[in-house]
Amino acid sequence: MRIIPFTTNCGVVIDDVDLADLTDVDFQKIKQAFATHGLVFFRDQNFSPLQHIELANKFGKIVHNRIFKNLPDHPEITLVSKDKNQTTNIGGGWHTDHSYDKEPAMASILVARELPSSGGATKFANLSAAYNGLSEGLKTTLSSLVALHSNDHLYGEGGYFSGTDLADKLADDVEVNHAKHPIIITHPESQKKVLYVNKGHTIGIEGWKTEEAFALLNYLYEHGCKEEYICEFNWLPGSIAIWDNRMTWHYANNDYQGEKRTLHRITIAGQALT
Ligand code: SIN
């Protein structure tokens, strides 16, 4: 197995490994790479939905997603899909999955299933590197602040998705959640400091007026997606990405109008963040 940096700050590619037939030693190496980098990519995997579930179970408890529809035969797997006649996509803005939960998801495992002839890449950002790039003064200011997160504005009644042509992809029992988390968290495994706000789901800062909060948040969003912290992964048949939701943002490019794109996602449970 080889672990090769994808870009300087963003992700690693792991090759010479078959995820459908992993030894314990190989899995431990993948887990270690995941803990260190928060983002691991694989190519050329031949990976059934059952093998996807098996790999997810090795990482932890699967979160039963109640935002988008799951596969009828495998409710552990969420369908991240856009049909050729649809124009809106899932995840088409910088976000991290499930920050609106009190115990935000640890990881997501995304598997390519049906790809457009071009486009449809996913961008990622490393929020631990972005934290390190802040001044000591701003780090100190942020260290006492708590951010408010929600998914109501996106998936709730009258939320963004209900007014788009992707409304049919929403789960029938959509779950609306709200949570508060420190703006700077200590990563539960690596103990690294991480900037934990995201444009998709952060709706304010505790004790601050909305316009004050967004002046600061918008600065942090711009900072987090600076060139040096981000990378872009082009999906090919057999590609898989596993990311740590406590350490990364992602953004699904919506540049393949008129073509279908389907990926399968499993999300792994996390814990309260401090
Ligand atoms: C997501 O936001 O989980 C989907 C990412 C993608 O489709 O590339």
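Atoms within each ligand, like the ligands themselves, are counted from 1 in listed order. Hydrogens, waters and symmetry mates are skipped; everything else that's a heavy atom, side chains included, is used.
Listed by first then second residue, pairs satisfying ring pair (Phe, Tyr, Trp, His ring centres under 6.0 Å) with a partner in residues 208-227 read His223-Tyr229, not counting sequence neighbours.
A search for ring-ring contact (aromatic ring centres under 6.0 Å, His included) contacts involving Phe34 returns Phe59, not counting sequence neighbours.
Interatomic distance, Leu154 CG to Ile67 CD1, rounded to the nearest 0.5 Å: 9.0 Å.
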Ignoring hydrogens and angles, write down the donor-acceptor pairs under 3.5 Å from the side chains of residues 188-195, residues two or more places apart or on other chains.
| residue | atom | partner | partner atom | Å |
| --- | --- | --- | --- | --- |
| Glu189 | OE1 | Arg246 | NH2 | 2.7 |
| Ser190 | OG | His187 | ND1 | 3.4 |
| Ser190 | OG | Lys192 | N | 3.2 |
| Gln191 | NE2 | Pro188 | O | 3.1 |
| Lys192 | NZ | Thr36 | O | 2.8 |
| Lys193 | NZ | Thr186 | OG1 | 3.3 |

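Counting heavy atoms from C-beta outward, Lys82 and Glu259 have side chains that stay 4.5 Å or more apart.
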For ligand 1, what N or O to protein N or O distances fall under 3.5 Å?
| residue | atom | partner | partner atom | Å |
| --- | --- | --- | --- | --- |
| ligand 1 | 2 (O) | His95 | NE2 | 2.9 |
| ligand 1 | 2 (O) | His250 | NE2 | 3.1 |
| ligand 1 | 3 (O) | His250 | NE2 | 3.3 |
| ligand 1 | 3 (O) | Arg265 | NH1 | 2.8 |
| ligand 1 | 7 (O) | Arg261 | NH1 | 2.8 |
| ligand 1 | 7 (O) | Arg261 | NH2 | 3.4 |
| ligand 1 | 8 (O) | Thr122 | OG1 | 2.5 |
| ligand 1 | 8 (O) | Arg261 | NH2 | 2.8 |

Intermediate values then yes/no, side-chain contact (heavy atoms from CB on, under 4.5 Å), Val176 and Tyr155: CA-CA 7 Å; Val176 167; Tyr155 313 120; 5.5 Å; no
